[in-house]
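Here is the structure we will look at, set down as C-alpha cells.
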Amino acid sequence: MIPREILLTHPEKLNVSLSPDGKYISYLSPIDGILNLWIAPVDNLEQPILITNNIDRGTNQYYWLYDNQHIIYIQNTTSDSNLCLYSFDLNTHQIEQQSEGNVTVLKISDKIPDQILIGINEPDSFYFNIYTLNFAESTKKLILYNNKFVNFLIDYDLQIRFAESINEMGQKEYFEFKNNKWNLFTKISVEDSVTTKFLDFDLTGTIIYLLDSRERDKAALKSMNLITGKITTLLEDRLVDIKHTLTIHPTEKNIQAVIVEYDKATYCVLDNAIKRDIDYLLNLCKGNLFINARTLNDLMWLIVYESDSQPIKFYIYNRSTKEATFLFTNNKKLEKFNLVTMTPLVINAFDKLKLTSYISFPPDAILTDKIKPQKPLPLVINIHEFPWHGRNYWGFNSEDQWLANRGYVVLSVNYRGSAGFGKKFTNAANMQWGRDMHSDIIAAVKWTIDNGIADPNKIGIMGKGYGAYASLVGLTMTPELFACGIAMCGYVNLLTFIESIPPHQTSVLNELKMRIGNWDTVEAQAILEQSSPLTYISDITKPLFIAQGVNYKRLKQDEIDKIVYTLQNNKVPFIQASYTNEDYLVKQENLLSYYALVEYFLAKTLGGRVESMNDDFKEGNLILNQLIPLDGQEAERIIDIQMEYAK
C-alpha cells in the first residue's frame with residue numbers, strides 16, 4: 001500500500017516557476033504540512049532559500065517581478081479570511097507587507113518592471129478597488145474605485161481597458177474605458193456566458209485575444225483588432241472548447257501554442273518559431289507537456305511533464321542548444337511505488353450525450369482486455385466539484401490513485417455541466433441539479449455493471465462540494481444503486497446553500513439563479529426543495545459518511561441534527577466528522593484524518609484494504625459522531641460501534 005501521507009498530502013514541490021532572468025527556480029514546499037515559498041539557484045538546487053516561515057496558514061500564490069529583485073506572494077497570516085500581499089527583496093532578504101484587506105494580483109508587466117496593479121476588497125465587499133504598487137518608490141495609489149465589476153482587462157502599459165460584470169439576467173457584459181468613462185462594448189448571452197470570455201492583449205494593446213462560442217457550439221480562440229474591428233479565428237476544435245492553456249511569447253505577448261484537451265491533451269503550434277522546440281520536447285518524455293515559465297530573453301524554458309502513473313517531472317530546456325536537463329519530480333517519495341494508469345473512455349448518457357470519463361483499476365486487477373476485469377470488482381465513483389467551471393482530466397489524480405491502491409475500480413465522469421465540452425453540454429445542466437446531472441452519474445454506474453466491471457452490490461459514491469451533493473442525491477434518490485456514500489463539505493439543502501452566499505455577491509447569485517433555479521417565490525423554492533437531499537433523508541438505506549468544518553456555512557447544524565436523528569431512527573449507519581478549526585477542509589492534518597476515516601469506512605462497506613490510521617490523529621481537531629477520538633484505534637471503534645448499532 002502507498003502511505004496516505006505520501007499520496008494525499010502536499011507533494012514535495014508544487015507551483016514550480018522560473019525567475020525572469022533565469023537565475024532562480026521557485027516553488028512551494030510544505031513544512032509540517034504548511035506550504036512555504038522557496039527559491040534556489042538554477043545551478044545549485046541543493047541550496048534553497050526559505051522565503052516564508054508559515055506555521056499555520058500557508059502560501060498558495062506567488063509571482064516574480066520583472067525587476068529581478070522582488071518576488072511577491074499572497075497569504076493569510078491572521079485569524080480573518082483576508083489574503084495579504086507581501087514582497088521579498090532578493091538583495092536585502094527583507095520581507096514587507098504591501099497590502100491590507102483581501103488582495104488579488106491583476107497585472108504584472110515587463111514594460112514597467114517596478115510596478116504592478118492589484119485589487120483589494122474590503123470586508124463585506126465583493127468588488128475590489130484597483131491600486132498601483134510602485135516598488136521603486138514604495139508607494140501604493142488608488143486608481144479606480146469599483147462597485148460594479150467582477151473582473152478587468154489591463155494592457156501591458158498597465159492601463160485599465162475593459163471591465164466585466166454580470167447583470168440580473170445572468171448575462172456577461174464587457175465595458176470599455178474610453179474618453180474617461182465606461183461604455184458598453186458587448187453583451188454575452190446567458191447561453192454563451194461560460195464559454196465566451198476576453199483573455200488578454202498583445203504587446204501593442206490593439207489586439208485582444210478571446211474565447212468565443214457565439215454562433216457556434218465549441219468555443220474558438222480568436223483575436224480582435226480593436227482599431228479595425230476585424231476578428232480572426234486562430235484555433236478551433238470539433239470536440240472541445242479551446243481553453244486558456246496558452247503558450248505566450250514572454251515579450252511580444254503573441255499566442256504561440258495552445259493545449260487542446262478532449263480525453264487527453266494535444267499541443268497545437270500556432271507560431272512556427274517554436275515548432276522545432278515543441279517537436280523536440282514532445283518526444284523527450286511521456287505525458288502531457290506544459291511550459292510553466294520562460295525567461296524574458298526566451299532562452300530558457302521550465303518544462304513540465306504530467307503523466308497518469310508517474311510523479312510530475314520538471315526540466316530546464318535550453319533553446320540555444322536545443323537540450324533539456326532533468327531537474328526533479330514533484331514527489332520523490334512516490335517514485336518507488338507502483339502507480340496505476342488512467343484509461344479514457346466515453347459513456348453515453350440517457351439522451352446520448354457523450355460523457356468523457358476516466359477509469360482506473362487496482363494494481364492487482366487481472367484484466368481480460370484494457371477495461372474488463374476477470375470478475376466484477378468494488379467500484380467508487382468520484383464526482384468532481386465546480387460544475388460549469390471544472391472537469392476531470394487525464395493525468396495524475398491522487399484520490400483516484402489512493403482508491404485504486406486500496407482495491408477499488410475508480411470512475412471519474414464528466415457529467416453534463418462539466419467545463420470544456422461546448423456550450424450545449426454546459427447548458428444541458430441548467431436547473432438540472434438532482435435531475436439530469438444525476439442521471440449522467442446513474443448512466444455511468446450502470447455502464448460499469450453492464451460491462452462486468454463493477455460488482456453491483458459494492459458501489460460507493462463520493463465527492464466534495466457539488467460532488468458531495470451528488471453523493472447525497474445518490475443515497476436519497478437512487479438508494480438501491482449504492483452501497484455507501486461519502487460527502488465532504490456538501491449541500492443537503494439548496495436553499496441553505498443559496499442563503500449562505502452574502503447578498504452583496506450579486507453576480508454569483510445572478511449566475512446561480514440561471515444555473516440552479518430561481519428562489520424568489522414560494523413555488524420556486526418548492527422546486528429547489530425537490531432537488532435537495534434533505535427532503536428525502538428518510539429514503540437513505542445505506543451507510544453515509546459526512547465531513548465538514550464546524551464553521552461550514554453551507555450546512556446548518558439543525559440540518560445535520562435532522563439527518564442524524566432520521567438515520568439513527570431508521571437504523572442506518574451514519575458517520576459525521578467535524579473539524580473544529582476550519583470550514584471547508586484544506587488543512588493537511590485534517591485531510592489526512594479525513595482520508596483515513598474514509599478508507600476505514602469504505603473497507604467496512606465495500607471490503608477494500610486499510611492502512612493503519614494511528615498516525616493521523618495528532619492535532620485533536622476532530623469530533624467524530626459527537627466524540628473526540630484520541631487516536632486511530634478509538635476512531636475505528638466509533639465507526640465499528642455505529643455500523644454494528646445500525647445492524
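All values below come from the heavy atoms of this structure, side chains included, with hydrogens, waters and symmetry mates left out. Sequential numbering from 1 along the given sequence is applied to the chain's residues.
- Under the 4.5 Å side-chain criterion, counting only non-hydrogen atoms from C-beta, V409 is not in contact with V380.
- Salt bridge present: D200 and K107 bring a charged side-chain N and a carboxylate O closer than 4.0 Å.
- Contact detail for L585 and C489: the closest heavy-atom pair is N-SG, 3.7 Å.
- Under the 4.5 Å side-chain criterion, counting only non-hydrogen atoms from C-beta, V42 is in contact with M300.
- For the residue pair W64 and S17, no side-chain donor N or O sits within less than 3.5 Å of a side-chain acceptor on the partner.
- In this structure, K13 fails the cation-pi test against F314, since its NZ or CZ atom is not both closer than 6.0 Å to the six-membered ring centre and inside 45 degrees of the ring normal.
- A salt bridge between R319 and D298 is present, with a side-chain N of the basic residue lying under 4.0 Å from a carboxylate O of the acidic one.
- None of Y63, Y27, Y86 except one satisfies the ring pair (Phe, Tyr, Trp, His ring centres under 6.0 Å) rule with Y73; the exception is Y86.
- Of the candidates Y466, Y415, Y358, H384 forms a ring pair (Phe, Tyr, Trp, His ring centres under 6.0 Å) with just one, namely Y415.
- Taking the centre of each ring, F88 and H70 stay at or above the 6.0 Å mark.
- We find that K253 and D155 are not joined by a salt bridge, their nearest charged nitrogen and carboxylate oxygen being 4.0 Å or further apart.
- Across all their heavy atoms, G33 and Q588 have their closest contact at O-CG, 3.0 Å.
- Counting heavy atoms from C-beta outward, L18 and T295 have side chains that approach closer than 4.5 Å.
- Other residues, nucleotides and ligands contribute at most 12 non-hydrogen atoms within 6.0 Å of the CZ atom of R276.
- Atom CG of residue N44 and atom CD1 of residue I49 lie 9.5 Å apart, to the nearest 0.5 angstrom.
- Side chains of L281 and Y267 form no contact here, defined as non-hydrogen atoms less than 4.5 Å apart.
- Using a cut-off of 4.0 Å between Lys/Arg side-chain N and Asp/Glu carboxylate O, E611 and R406 are scored as salt-bridged.
- With a 4.5 Å cut-off on side-chain heavy atoms, N392 and S418 do not count as touching.
- Between F128 and I118, every side-chain heavy-atom pair lies at or beyond the 4.5 Å cut-off.
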